[in-house]
Amino acid sequence: MFSLNGKRGLVIGIANDQSIAYGCARQFRRQGAELAVTYLNTKAEPYVRPLADELEAGIVFPCDVREPGQLEAVFAEIEARWGRLDFLLHSIAYAPKNDLHGRVVDCSQAGFLQAMDVSCHSFLRMAKLAEPLMEKAGGGCLMTVTFYGAEKVVQHYNLMGPVKAALEAATRYMAAELGEKGIRAHAISPGPLLTRAASGLDRFEALMDQARDQAPGRRLVTIDEIGALAVYLASDEAAASTGTLAYIDGGYSIMD
């Protein structure tokens, strides 16, 4: 069960071997999927390229969604090489440091727009580019990564709270609009983990300690556990599930 043999997927967001995207990619590959992966820029490539080799990724491309044409080039290569796409993982987020570390009401318009563009709108762009490729595959699965701070106020999560809330809403609308084509969409909500992206949040280690103490199991989740959930969502066994907000946080989100 939950085999991804014969499936081809795109993973966007690997920064290093601690990335949630890498944990998911590793599990996708273990279950037989063929992968395309991206790296942010030439500075990030030396960290990602060895992981791509380990994953036996057939397509490895630069992709900074802020740079015109880079995302489109990734999908053009997938169309040329594979002709279809079965699943996609969007695991990127960004906000300028000054806006991220301040109050939400103090964030600049430019910072807000940039955070929304990279962290939310890029997923919509990916869905639009993936749509014809997933139609050719007879359907597919779009996945993104969110956090509990979208639903409740989490201290120091700040601007990313409203941005992730928009991402979750976009995922639901995406699921509704693409469902008739057999394309599903999910938002995966892990508990806090010390990834490169999370390290930009103020006092993030304190948030991890709080999550560990508050979770019923008194522990944090791992990137491999998150990847196992992503494998299920991408598999044929999850064909009847779409538009879900899938928590994998050790029960952190159920506690007051």
Side-chain angles (χ1 to χ4, degrees), residues 2-67 69-94 118-119 122-123 125-126 129-130 133 141-145 147 188 190-201 204-205 208 220-235 248:
F2 313 137
S3 170
L4 299 183
N5 283 328
K7 292 189 181 295
R8 291 168 168 170
L10 169 62
V11 178
I12 293 184
I14 298 177
N16 55 39
D17 63 358
Q18 302 300 310
S19 299
I20 289 172
Y22 173 63
C24 292
R26 186 162 57 190
Q27 295 285 40
F28 292 148
R29 184 64 189 138
R30 284 174 180 171
Q31 298 307 318
E34 188 174 354
L35 298 177
V37 304
T38 68
Y39 55 90
L40 180 62
N41 50 34
T42 55
K43 184 177 179 181
E45 184 177 4
Y47 298 96
V48 179
R49 181 71 67 169
L51 302 178
D53 292 341
E54 176 191 314
L55 295 166
E56 302 177 295
I59 298 172
V60 185
F61 253 58
C63 185
D64 183 339
V65 296
R66 297 169 295 185
E67 293 294 328
Q70 285 200 3
L71 183 61
E72 289 76 10
V74 172
F75 280 87
E77 182 68 10
I78 289 172
E79 183 172 21
R81 294 274 294 276
W82 291 346
R84 72 172 213 268
L85 188 66
D86 297 289
F87 64 88
L88 177 154
L89 177 72
H90 167 280
S91 185
I92 57 174
Y94 174 77
V118 174
S119 311
S122 64
F123 188 41
R125 290 172 59 199
M126 291 177 200
L129 290 165
L133 294 172
C141 182
L142 303 159
M143 294 169 283
T144 190
V145 178
F147 181 62
I188 300 171
L193 287 171
L194 188 57
T195 62
R196 186 168 180 266
S199 66
L201 295 168
F204 192 75
E205 289 190 5
M208 288 198 303
L220 302 177
V221 298
T222 69
I223 59 173
D224 283 322
E225 289 171 330
I226 298 166
L229 173 60
V231 165
Y232 165 69
L233 294 174
S235 72
I248 178 162

Quiz prompt | Test applied, side chain to side chain contact (heavy atoms under 4.5 Å, CB included); reference residue, Pro190; option that passes from Ile226, Leu229, Leu220 | solution =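 By the side chain to side chain contact (heavy atoms under 4.5 Å, CB included) criterion, Pro190 pairs with just one of Ile226, Leu229, Leu220: Ile226.
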Do side-chain atoms of [X] reach the backbone of [Y] as a donor and acceptor pair under 3.5 angstrom?
X: Arg125; Y: Leu71; result: no
X: Glu34; Y: Arg8; result: no
X: Ser19; Y: Tyr22; result: no

Do [X] and [Y] make a side-chain contact, defined as non-hydrogen atoms from C-beta onward lying under 4.5 Å apart?
X: Leu85; Y: Phe75; value: yes
X: Arg29; Y: Val11; value: no
X: Leu133; Y: Glu79; value: yes
X: Val48; Y: Thr38; value: no
X: Phe61; Y: Gln70; value: no
X: Asp17; Y: Glu54; value: no
X: Arg26; Y: Ile223; value: yes
X: Phe123; Y: Leu142; value: yes

Gap separating the [atom1] atom of [X] from the [atom2] atom of [Y], nearest 0.5 angstrom:
X: Leu10; Y: Met143; atom1: CG; atom2: CE; value: 10.0 Å
X: Ile92; Y: Ser119; atom1: CD1; atom2: OG; value: 7.5 Å
X: Gln31; Y: Lys7; atom1: CD; atom2: NZ; value: 12.5 Å
X: Leu51; Y: Tyr39; atom1: CG; atom2: OH; value: 13.5 Å
X: Glu72; Y: Cys63; atom1: CD; atom2: SG; value: 8.5 Å
X: Leu4; Y: Ser235; atom1: CG; atom2: OG; value: 6.5 Å

Between [X] and [Y], what is the shortest heavy-atom contact and its length?
X: Ala93; Y: Val118; answer: C-CG1, 4.3 Å
X: Ser91; Y: Val145; answer: OG-CG2, 3.7 Å
X: Gly23; Y: Asp224; answer: O-OD1, 4.0 Å
X: Pro50; Y: Pro46; answer: CD-O, 3.1 Å
X: Ile188; Y: Ala230; answer: CD1-CB, 4.0 Å
X: Ala25; Y: Leu35; answer: O-CD1, 3.4 Å

Exercise. Applying side-chain contact (heavy atoms from CB on, under 4.5 Å), name anything that partners Ala44, two or more places apart in sequence or on another chain.
Key: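 Result, side-chain contact (heavy atoms from CB on, under 4.5 Å) vs Ala44: Leu40, Asn41.
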Self-check item: Parallel, tilted or perpendicular: rings of Phe2 and Tyr232 (30°, 60°)
Solution: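 Perpendicular, since the angle between the ring planes exceeds 60°.
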Quiz prompt | Derivation and outcome, side-chain contact (heavy atoms from CB on, under 4.5 Å), residues His90 and Val65 | solution = CA-CA 11 Å; His90 167 280; Val65 296; over 6 Å; no
